[in-house]
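Working notes for the structure below.
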Amino acid sequence: MSNITLDNVAKRFPDGTEALKPTDLTIEDGELFVLVGPSGCGKSTLLKLIVGLERPSSGEVRVGGETVTGRDPKDRNMAMVFQSYALYPHMSVRDNLAFPLKLAKVDRAEADRRVERAAELLELGELLHRKPAALSGGQRQRVAMGRAIVREPAAFLLDEPLSNLDAKLRVQMRNQLAALQRRLGTTTVYVTHDQTEAMTLGNRIAVLRNGEIQQVGSPQDLYRRPANRFVAGFIGAPAMNLLPARIEDGRLRLPMTRLPLPEGLRDALPAGTEAVIAGIRPEHFHVTDGAGADTDAGGFRVRPDLVEWLGADVFVHFDVSAQDSSAQAIAGARTTNEDGDADGDTRLRVTARVASDTDAQA
Ligand code: ATP
């Protein structure tokens, strides 16, 4: 069993920076777990605490039920892959792959077997004689992953491993990595600042902000039931619209329209709540050609500031203003209209879906 448990683990650096607040977290055996959050939120620190490159200021790290808190990285049987692949430039791919095994004094026949297997898994067979300088970015990344695999570790810890690759290759490598992880079934913790990457890779995702886990859940959980306003705004692209609103006579009054209060929200809100922030995903606005502008049923008209036509999707940007605030909102739509002509006097009809039911107070 290689589940990883953090029990009240915190990290404060000598200069006083609190990189990780006291954190409890369990990563299950065999799962692909993603840590996501903006730059500086403590993702790498959390990973280093697991692998042993940093020591916690307090708390315990356990792997497979065994406490490893004070152990050196080399005694934790984990393999870490960094953004900079850190391959040895003077060594061939074969020697790069075999190097961790040489250090670990694995006998030659066994080392050869593992190198061959990793090369096969990662389709590196043809490249074993090359030096890193003669490889593409994606190939180098695969060698770095291969070096982790040959060690047959209890867990892989990956710190933004794809960020040096171009967008198309990233998507390709991301899919390969997920397939490889499923095949090997090795517990994997993957760090990224990219919410799309997190959403497409993770069985479970932890969203981190300012050294604090905001929410842990499946991609669907995070998208449909964000625990707070930060998660609501961070997960999803384009971002969720967060609009000032009021509850009046059992209805939700948005700056630009009114609509019946969604049932789930009515039950979740404390009695007497008046001011709320309504979270509405762009795809929950319906763009129409002028019909349904009833302002008592969520309809409204806007003059778009910008229309982004991305092929199948159209995003309409517009301003909304309330008494003392204004916001930029984005509506998304699928279009069958070849030229995506959603500009000019487009009317929008909003259908009620307020996604955050736990953080609905202003
Ligand atoms: P990024 O996505 O930019 O890599 P991150 O989420 O991985 O960021 P960390 O590298 O874990 O963030 O850093 C968390 C916080 O701790 C940051 O404020 C950072 O400046 C700080 N920090 C990291 N290492 C040290 C250190 N050795 N001494 C002092 N502060 C540090």
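Both ligands and their constituent atoms are indexed starting at 1 by order of listing.
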Side-chain donor/acceptor pairs under 3.5 Å, residues 39-54, sequence neighbours excluded:
from: Lys43; atom 1: NZ; to: Gly37; atom 2: O; distance (Å): 2.9
from: Lys43; atom 1: NZ; to: Pro38; atom 2: O; distance (Å): 3.1
from: Ser44; atom 1: OG; to: Asp159; atom 2: OD2; distance (Å): 3.0

Pairs satisfying salt bridge (charged side-chain N to carboxylate O under 4.0 Å, His left out), at least one member in residues 80-94, at least two apart | Arg94-Glu116

Shortest protein contact, atom 21 (C) of ligand 1 (heavy atom only) = Thr17 CG2, 3.8 Å

What protein heavy atom is closest to atom 2 (O) of ligand 1, reported as residue, atom name and distance in Å?
-> Lys43 NZ, 2.8 Å

Compute the shortest N/O to N/O distance between Cys41 and ligand 1 and return yes if it is under 3.5 Å, no if not.
-> yes

Give the numbers and elements of all ligand 1 atoms closer than 4.0 Å to a heavy atom of Thr45.
-> 9 (P), 11 (O), 13 (O), 14 (C)

Out of Ser44, Gly16, Ser39, Pro14, whose heavy atom sits nearest atom 10 (O) of ligand 1?
-> Ser44

For atom 16 (O) of ligand 1, what is the nearest protein heavy atom, given as residue, atom name and distance?
-> Ala19 CB, 3.4 Å

Salt bridge Arg142-Glu123, side-chain N to carboxylate O under 4.0 Å = no

Salt bridge Lys11-Glu18, side-chain N to carboxylate O under 4.0 Å = no

Which residue and non-hydrogen atom of the protein lie closest to atom 22 (N) of ligand 1, and at what distance in Å?
-> Phe13 CE1, 3.5 Å

Could you establish whether Gly37 and ligand 1 come within less than 4.0 Å of each other, counting only heavy atoms on the residue side?
-> no

Heavy-atom protein contact below 4.0 Å for atom 19 (C) of ligand 1 | no

For atom 14 (C) of ligand 1, what's the nearest protein heavy atom and its distance?
-> Gly40 O, 3.5 Å

Shortest non-hydrogen contact from Val150 toward Leu97 | CG2-O, 3.3 Å

Tell me whether the guanidinium CZ or amine NZ of Arg281 lies under 6.0 angstrom from the six-membered ring centre of Tyr223 and within 45° of its axis.
-> yes

Run the ring-ring contact (aromatic ring centres under 6.0 Å, His included) check on Phe318 and Phe300 step by step: do they pass?
-> CA-CA 12 Å; Phe318 57 95; Phe300 62 99; 5.6 Å; yes

Glu110 and Arg151 ion-paired at < 4.0 Å | no

Just let me know how Val191 lines up against ligand 1, side chain, backbone, both or neither, with a heavy-atom cut-off below 4.0 Å.
-> neither

Among non-hydrogen protein atoms, atom 12 (O) of ligand 1 lies closest to Gly42 N, 3.3 Å

